[in-house]
Amino acid sequence: MGEPDASGRFGDFGGRYVPETLMPALIELEEEFRAAWDDPEFRAELDHLLTEYAGRPSPLTECHRLSAELGCRVLLKREDLNHTGSHKINNVLGQALLARRMGKTSIVAETGAGQHGVAAATAAALMGMDCVIYMGEVDMARQELNVFRMRLLGAEVTAAQSGSRTLKDAVNDAMRHWVSTVEDSYYLLGSVMGPHPYPWMVREFQRVLGSEAREQSLQALDQQLPDVVVACVGGGSNAAGIFSGFADNPEVSLVGVEPAGGAAVGNGVPGIVHGMNSFLMQDDVGQVLEAESISAGLDYPGVGPEHSFLSQSGRAIYESVTDAQVIEAFVLLSRTEGIIPALESAHGLAWMVANADMLRGKSVLLNLSGRGDKDVAQMMDLLADRL
Amino acid sequence: MNSPAQQPTDPAPGPFESALRTRIDRGEKALVPYMTGGLGDWVNTLGAIASAGADAIEVGIPFSDPVMDGPVIQEASQRALEAGTTPASVLDQLSAADVGVPLAVMTYANLVYRFGWDRFAHALVASGVSGAIVADIPLEESEPWCAAADARGVETIMLGAPTGSDARLRRVVARSRGFVYAVGLLGVTGERESLAGTSSEIAGRLKAMTDKPVLVGVGIGTPDQAAEVCEVADGVVIGSAVVRRALETNSPEAVGELVGEFRRAIS
Ligand SMILES: Cc1ncc(COP(=O)(O)O)c(C=O)c1O
């Protein structure tokens, strides 16, 4: 997975479809990111934060009981054990350092499940910056705990009240906020989406988890790579991170798992929203449709442009699972391994369960992108008559 | 970078630009109100806006995710969409209407992309629309749309923002047809308490680069603010104030009255 072309595209996908006011900021951001990424001091400072603050490297756990149950060898990349509970911290620390390097004093971010918002608020607290988080009103209700966490960390959480009042609308409001404050504020996008350079930059900040997972897999599998690498796909950052460690090895299958109600690659057609050209769930004339998923972090009608490219080129495949399958997977991992996964990450496992026959005898690496603490309140209702 | 004078491709002014020039050449200021297509009694509202002294009108084609728009135009877009408005329905109704002044549509990239760049340009011409603004197509992404629009003679109005360097603004000016849209402030569409200092500044910067008409839009909410910015600019685009009046009254006459107040304030 390399650099996009000069227009910020991976094949046909990507670009910078933003109001003119933001273009100079995007050009500057690309220049600043390139310079920082080439600067050993910046890299050292980020590495230091990733180890001393976020707890990297995250372990790779071999799941013996689950492997026996599914008939394949299951390895989990444990991003759930990072500080703040998901892979989102990797990207956030990188971008927050970049924001500080650029002399910005405040951060604006969108959030779906609240994991990116919590991570952004955490980085802002760490670096003494102001932080404004936009979150869909619907998501604020189903992820109350994360709303409180963000406020506790000193962030201002603002409800996005338009449209579906979920992640897509939070992105709209965050972009509007950025248009108004672009000279002082930094837009800390949470996934491999949006206008160039975000899809590329966020993937580079998430590459660390893929590189680690590659080394750890070689160790665990006697110098072999896993046969299949699986990750859930909302915007696609945890998937891009883990895919980046294996994409150059064509013998490794890459599988992105979308929610059935938000399958941009699976059910969408190319469209332009949030600054990018990518697969998008939309109606016949191009109005964006509302995604519907049990998991707030995947409730997004679009997908990062590099995933559209990987799908079109055939390097990765994208499949979907239903909410009901996800609930079963959530329980399964809790019961067999003592690991309560984020609902987002449970999508990957649900796909493995559904495809166990095909996976029999293979080694499968699942990116466990986050922990399920944030989802426990929501699941208490859904599982009330079973537990 | 070519200066505007060296641009070999600058065509003769189209109907939209000509209407503005006619006004400006008389030593007066151009007035371009914005109205959301599909909102209430919108076709009659366009007529009332024209009769009240508008030189041309921008017609919004509502999009589900209008990132350049503030709460008023968001609300209008949502209502129009709920009423079943589509790009085709707006253009169909425009082709049947005789508004009496040149029209430009204002919309977002995905609706044009989905329609097809060339099919959309063709549909505009067929509906009697002279110009277009696509709010999320900056210079860098403008090629496919502008090529289609140029080939069909559609005037693509480009935006110049306060964040642009002089070099960038010169490219915007060179690419713009119809007029140059000076974005009055850092922000989305909507009325503000007072005129942002950036409004006259961006108008002045752009005027120094071109003799194309330079109109300021975004953040001009009152006739007084319009008059103030017209000390520098060639005219104004009035969006949210007009749409708010339409939302509140659904009365073409009431919208016409407001447009008349702007007309008297600036000419
Ligand atoms: C734990 C977890 N995994 C995955 C996602 C989806 O994002 P992405 O597709 O960018 O990894 C989220 C988003 O909130 C998340 O919290």
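The structure displayed is predicted, hence computed values, not measured ones. In what follows, chains carry the letters A, B, and so on, assigned in the order in which the sequence lines appear, proteins first and then strands, with residues in each chain numbered from 1.
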Worksheet, complete the sentence: Bottom line for B:Pro162: the part with an atom under 4.5 Å from chain A's heavy atoms is neither
Response to the item:
Rounding to 0.5 Å, atoms OH (B:Tyr113) and CG (A:Leu280) come to a distance of 10.5 Å
Worksheet entry | Close side-chain approach of B:Leu186 to A:Val179, heavy-atom, < 4.5 Å | no
Worksheet item: Which distance, rounded to the nearest 0.5 Å, do you find between the CE of A:Met276 and the CG of B:Asp136?
Response: 12.0 Å
Worksheet item: Between atom CD of A:Gln282 and atom OG of B:Ser64, what is the distance when rounded to the nearest 0.5 Å?
Response: 9.0 Å
Worksheet item: With side chains defined as the heavy atoms from C-beta onward, is the minimum distance between A:Pro19 and B:Leu159 less than 4.5 Å?
Response: no
Discussion item. Is B:Val172 close to chain A through its backbone or its side chain, or both, or neither, when contacts mean heavy atoms under 4.5 Å?
Written reply: side chain
Item to complete: Could you tell me whether the side chain of B:Leu111 reaches within less than 4.5 Å of the side chain of A:Gln287, counting heavy atoms only?
Response: yes
Practice prompt. Using non-hydrogen atoms and a 4.5 Å limit, figure out which bit of A:Val171 sits close to chain B: side chain, backbone, both or neither.
Written response: neither
Item to complete: Could you tell me which portion of A:Pro195 (side chain, backbone, both or neither) has an atom closer than 4.5 angstrom to a non-hydrogen atom of chain B?
Response: neither
Worksheet entry | Which atoms of A:Ser7 approach chain B - backbone, side chain, both or neither, heavy atom under 4.5 Å | backbone
Worksheet item: Under a 4.5 Å cut-off applied to non-hydrogen side-chain atoms, are A:Pro24 and B:Arg168 in contact?
Response: yes
Worksheet item: So which of B:Ala109, B:Gly70, B:Pro66 has the largest heavy-atom pair count under 4.5 angstrom toward chain A?
Response: B:Pro66
Worksheet item: Nearest 0.5 Å, what's the CZ-CG distance between A:Arg176 and B:Asp69?
Response: 7.5 Å
Worksheet item: Heavy-atom distance under 4.5 Å to chain A: side chain of B:Val67, backbone, both or neither?
Response: both
Worksheet item: Closest approach of B:Gly187 and A:Ser180, non-hydrogen atoms and distance?
Response: CA-OG, 3.5 Å
Worksheet item: What do you reckon, is CD of A:Glu292 surrounded by more than 12 foreign heavy atoms closer than 6.0 Å?
Response: no
Response to the item:
Greatest number of non-hydrogen atom pairs under 4.5 angstrom with chain B, of A:Asn277, A:Leu289, A:Asp283, falls to A:Asn277
Item to complete: Please examine the side chains of A:Val273 and B:Asn110, heavy atoms only from C-beta on, and report whether any two atoms are closer than 4.5 Å.
Response: no
Fill in: Side chain B:Glu141, main chain A:Tyr17, donor-acceptor under 3.5 Å
no
Worksheet item: Any sub-3.5 Å donor-acceptor pair from A:Glu20's side-chain atoms to B:Gly160's backbone N or O?
Response: no
Practice prompt. Check the surroundings of atom CD in A:Glu156: do more than 12 heavy atoms from other residues, nucleotides or ligands lie under 6.0 Å from it?
Written response: no
Discussion item. Let's go through A:Val285 and B:Arg114 carefully: what are the C-alpha distance in whole Å and the side-chain angles of both, what is the deciding distance for side-chain contact (heavy atoms from CB on, under 4.5 Å) to 0.1 Å, and is it a yes or a no?
Written reply: CA-CA 6 Å; A:Val285 305; B:Arg114 198 70 213 270; 5.7 Å; no
Worksheet item: Which answer fits B:Phe63, side chain, backbone, both or neither, if we ask what part of it has an atom under 4.5 Å from a heavy atom of chain A?
Response: both
Response to the item:
Interatomic distance, CG@A:Asn172 vs CD@B:Gln74, rounded to 0.5 Å, equals 7.5 Å
Worksheet item: Is there side-chain contact between B:Thr163 and A:Met23, with at least one heavy-atom pair below 4.5 Å?
Response: no
